[in-house]
Amino acid sequence: MELAKAYDPKSAEENHYKRWEESGFFRPEINQDPNAKKYSIVIPPPNVTGSLHMGHALQHTIMDVLTRWKRMQGYKTLWLPGTDHAGISVQRKVVEQLRKDENKSPLDIGREEFIQRAWRWKEQYGNTITEQMRREGASVDWTRHRFTMDESLSLAVRNVFCTLYDEGWIYRGLRIVNWCPKDKTVLSDLEVKEETKKDGKLTYLKYPVIGTDETVTVATTRPETMLGDTAVAVSPSDERYKHLVGKTIALPLTNREIPIVADEYVDAEFGTGAVKVTPAHDPNDYLIGQRHDLEQLLIMDDSGKMNAAAGEEFVGLDRFVARAKVVEMFEELGLLEKVDDYEITLPVCERCKTIVEPILSEQWFVKMDEMRDMALDLMRDEGVPHFSPQVPHEKVYTAWLENLKDWTISRQLWWGHQIPAWYDEDGNVFVGRTEAEAVEKSCGKTLKQDSDVLDTWFSSGLWAFSTFGWTAQGDAADFSDDLEDFLPTDVLVTGRDIIFLWVSRMIMLTKKFTGQKAFEDVVITGTVLGKDGKPMSKSRNNGVDPIEMFDKYGVDATRIYLASIATGADIKWNDTGVEMYRNFANKIWNATRFCLMNSEGIAVDHASLMADDMPLPDKWIVSRLNKTAMDVNKALDKYEFHTAVSLLYHFFWDDFCDWYIELKKDEINGGDAASTTRIITILEIAIRMLHPFMPYLTEDLWLKLPGISSELHNAAYSEAAATVMLTSFPPGDAAAIDERAEREMDAVIDVIKKVRNIRAEMNISTAIKFTVHIAADAGVQEVFRANEAQILKLAKAEALVIAAELDVPRASAKAVTNDARLAVPLEGLIDFDVERTRLNNQITKLTEEKTRLDGQLSNANFVDRAPAEKVTELRDRSMELEAN
RNA sequence: GCCGUCUUAGCUCAGUGGUAGAGCACUCGCUUCACACGCGAUAGGUCACAAGUUCAAAUCUUGUAGACGGCACCA
C-alpha cells in the first residue's frame, strides 16, 4: 500500500467520526462483557450560549483520553455529554433579539411567549458546541445527551427542591442580597466579582445631633444610601462618642430622626469611629439593624433608581446621579466635611460588569450547614474527592467549605426552572411537585406560582445523578440501570473556577439524594493563557480559537499538545508547541508509510515478538515497547497525561524511528519477512497506545495495516466492526522487559554515536569511510561482532577492528563509552592546531569533574553514609574519567 | 489582611535528595531510496535571591524579591 508523502489531518478527521458515532462505538452497550467493570465521566455541561474555547478543548481532551483508554482496557465506558441552560445568558440573548427584531420588551410578549422564544433560540443556536465537540473527536455517547431543562432533569429539580423544603433545608427569607440592576436579578456570592477602582471617593458627611450643637461625622463610599439611614452606630468603648449614645440625629435631606446606637461591630480606630447604618442596603448594617431593632428603609427600585422612600427630590434618579446630588446638597448645607480620594474594590456582576447593589430582598435560600458537614466528612473520612493535583485544591476546597454561607437560589428570570412554590392571596406559601399538589396542600385555594426561577447551578448541582435518569418520583427513589451502573462517576475533569460553584455543590447534593459519592477523583486543569501570558478574554483580544488550531495543525496535534501540559499547570499558548506534535503526527504517518511499502504478504502477528532467537535490535525494541506501555498505563492511572505523552513521543520518535527503523532498514528493504512482520506488529501496538491522544491519525493508519482482524480486538467488543478504538490498550508485559538487551543495545548505540561525533568534530565528510577500532571486555566484544553490520551502516564506517585492547597509531581520534573504548585512525586530513585546542578545553572540563568526584569520595562521611551503590557509581565514574 | 501557586537554556515547558532535560530557535554538516513537518552533530543554564538542614539541595526548611490565584475586609 502506498501512502501520501505527508499526513493530511483533514481527510482523517472527516472520515471516521461519523462512522464511530453511527456504529455505536461510543455507547457503553458496545461492551458485551457481562463482567466488565464500569467507567463513567459526566461532562461539565457547557453553556448553550457558548462556543468551544481552549479550556473546553483541554478538558475534553483529558476526558476523551481517559474514556478511550478505559474503553480499550475493556471497561464498560460512558462519557456523558450535555449542555446547561445558562439562565441569565440565554435570557439576555433573547431580550436582546426581541429588542432588535421587534423593538419589544419581555413584558410586551409575556412569560409564556418569552419562554417559547428562548426554547427556539436554544434549538437554533444551542448546538454550536456539540457540533464542535464532534470535530474534537470526543467519544461521548450522544444518545445520552442531556440538557438541564430536559423533562426528567426538571422533574429531578422540582423533587429536590420539595424535599429540601420539606426537610427545612430550603427557606424563603428577607436578606441583603447581591442585586444586579441591569439584569434585575439577585446573584449568588460566587457570581459577584471584585473590581478595584482607583478613582473611588470617600465622602465625610456631618450629621447634626438634636439638642446639641454637635455634629457626628460619618464616612461613606455610597453617599446616596444616607437617604436610607436609620441609625448611626459607634463603638460602645469609644470615649469620644459615649455622651452621644442614645441621642438622636436630624438626618439631613430627610425629615427623619434617627438614633445613635452603640454596637460592637464598629471599630473605633477606623475612619471617624462613627458609622451610618443603612439596614436595607448593606449586609453589616442589616445585622446592626437586627440587633437594635432598626427600621429597614428600602430607597431603590430593582433598576437601581431611587424610589419614593428616598424623598421627592430624589425619586426616579439613578443611584449615581443621586449620589452626586446628595454630595452637592450636603455642601450647600455646610455639612460636607470633605471628600477624599479612596481606592475601593467594588462588587460587579460577573457577566455584565454592572456594579452590584446590596439590597434587602425576599429570596429563596439553601441552608448549607448540614450539607457542608457531609462534604467535609467525606473528605475527612474517605479523602473524597481526591484532587489532582492535590495541592492546593484540597486545602482550598476544605477551607471554603468551612466558611460556607447560605446559597441564594432564586433568580428573577423567566428562563429556567420556575420555583415550585405557590402563594395564596394572603401570601402563604405552598411548595409542591405540581400545582395540583400545592393546591391540595392549601385545601383547594386559588394559588399563584412564584414567578422566579432557580439558579442554573441548582440544576447543575444534580448533574452527576439527574443525567442518569434519577427523578426521585414520589417518595421512592427511581434507580435506573444507568444510575446503578455509572454512579459514582470515576472522575470529574474541570477548571478551578467552578470548584465551589459546581463541584462542591454536586458533591453535597449527590450525597444527600443518592447517598453516593458523585465522583472519586477530580482533575483540575490549568488555565490556557494567551500568548501574552494573561487569561484569554474578549476584552484583551488574546484568545486562541481551537477550531483555527484544528484547521492549521490538525485535531490530533492540538489534542496531544494540550495533553502534554503538566496536570493543573497554567500554560502560555504557543503555536510552536502544537507544531511539534503536528510534526510528530507526520512522523508517525511516515514511519507507517515506510513499514507499509514493504508489507506485501505480511500480516500483523503478535506471536512474532515472542521468539527467543530474535536479533538484538528486536529484543531491545520489544523490551522498550513493553516498558513504555507499562509506564504509560502507570502515568494515566495517576492522571499524569504529560508523562504519558512524553513517553510515547520518545519511544516512537527516538527508539522506534531513529534507531529501530534505521537498524532494520536493510533487512526490511531486502524483503526479510520475519523482520517486516515484527516491525509492522510493533507499529500496530504503538498505534494503539497513541490512539487515546490522537484518535484520527491512529484510526486512519491502523485500518491500513495488513492483517488486522477481529481477533486483535478486545474480547469485550467481539461484534464490533474493525476500529482501533475497540482494540485493547497495550498493558505492557514485565516479562518482556529484557534489561540485558537494553544494556547491550545501549552499548551499540553509544559506539555509533561516538563515531558520528568524531566524524562531525573532525569535519570528516560522510563520503569518506574509515576503520573503527573498538576495545572492550570479551562479552561486549561479542555484542559488537554480532551487530557489526548495523554499526558499520549507521556509523558510516568501512570496517571494525574489535579487540581487547586498542592498537592504533598515535594520530587517532579516541572516545570512550560506558562499555568500550574506540578509536579512528586519522589519515592526516585534519588541522592539528584546531584539534589540540578543542581537546585542551575538554580536558579542563573533565579534570574539574574528576576533582569534584574525588573530593566526594575522599570524604569519609559520604563513603560511610551514602548508599553503597551510589559510592560505587561515583567510583566507576571517577575511574572512567581517569581512563580518559 | 489571610491562604496558596509559580520563578529552570533565547522562547514554551518537563524534572519532588544523588553527574542539569525536551521541543522550538541558533551554529555546523547532509537533496542518505519513510519523513526537510526530515537526518546527523555541536553550542547554550552560579535551576529568582539569601540563609539553613544534609555526606549530598533545582528538589526539604525559613526569609527576601517579582508574577499570579483564591478568600476575607472595604464606614
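In the text below, chain A, chain B and the rest are named by the order of the sequence lines, each starting its count at 1. Atom set for the values below is all heavy atoms of this structure, side chains included, hydrogens, waters and symmetry mates excluded. All values derive from a computational prediction rather than experimental measurement.
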Phosphate contact ([N] OP1 or OP2) by [X] side-chain N/O below 4.0 Å:
X: A:W400; N: B:G69; answer: no
X: A:Y397; N: B:G4; answer: no
X: A:H642; N: B:G15; answer: yes
X: A:S646; N: B:A22; answer: no
X: A:N574; N: B:C13; answer: no
X: A:N284; N: B:C74; answer: yes
X: A:K276; N: B:A75; answer: no

Which part of the nucleic acid, if any, lies within reach of [X] when heavy atoms closer than 4.0 Å are counted: base, sugar-phosphate only, or nothing?
X: A:A233; answer: nothing
X: A:I571; answer: sugar-phosphate
X: A:E579; answer: nothing
X: A:S765; answer: nothing
X: A:I661; answer: base
X: A:K665; answer: base
X: A:C657; answer: base
X: A:V391; answer: sugar-phosphate
X: A:A591; answer: base
X: A:D285; answer: nothing
X: A:R582; answer: base

Any donor-acceptor pair, under 3.5 Å, between the side chain of [X] and the base of [N], if you only look at N and O atoms?
X: A:K5; N: B:A34; answer: no
X: A:E269; N: B:A75; answer: no
X: A:K587; N: B:C35; answer: yes
X: A:T345; N: B:C74; answer: yes
X: A:E194; N: B:C74; answer: yes

Which base sits across from [N] as a Watson-Crick or G-U pair, both distances under 3.5 Å?
N: B:A43; value: none
N: B:A72; value: none
N: B:A25; value: none
N: B:C60; value: B:G52

Quick one: which of B:G70, B:A14, B:G40 gets closest to the side chain of A:D658?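 Selected nucleotide: B:G40.
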Does A:K753 or A:Y561 map to a spot on RNA chain B nearer the 5' end, using the closest nucleotide for each?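 Final value for this comparison: A:Y561.
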5' precedence on RNA chain B between A:K796 and A:G577 (nearest-nucleotide basis):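 Its nucleotide being nearer the 5' end, the pick is A:G577.
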Have a look at A:T225 and tell me which of A:E357, A:K276, A:H281 forms a side-chain hydrogen bond (donor to acceptor under 3.5 Å, both in side chains) with it.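 Of the listed residues A:E357, A:K276, A:H281, the side-chain hydrogen bond (donor to acceptor under 3.5 Å, both in side chains) partner of A:T225 is A:K276.
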Starting from the C-alpha separation in whole Å, work towards a yes-or-no answer on salt bridge (Lys or Arg N to Asp or Glu O under 4.0 Å) for A:K10 and A:E13. CA-CA 5 Å; A:K10 285 254 165 49; A:E13 285 163 25; over 6 Å; no
Rounded to the nearest Å, what distance is computed from the CD1 atom of residue A:I355 to the C1' atom of nucleotide B:C74?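 Roughly 14 Å, once rounded to whole Å.
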Check whether the ring centres of A:Y561 and A:W573 lie less than 6.0 Å apart, and answer yes or no.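 Ring-ring flag for A:Y561/A:W573: true, centres closer than 6.0 Å.
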Is the Lys NZ or Arg CZ of A:K338 less than 6.0 Å from the centre of A:Y204's six-membered ring, within 45° of the axis?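 The answer is yes; both the distance and angle limits are met.
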Listed partners of A:Y581 passing side chain to side chain donor-acceptor pair (under 3.5 Å), at least two apart: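 Partners of A:Y581 by the side chain to side chain donor-acceptor pair (under 3.5 Å) criterion come out as none, since no residue qualifies.
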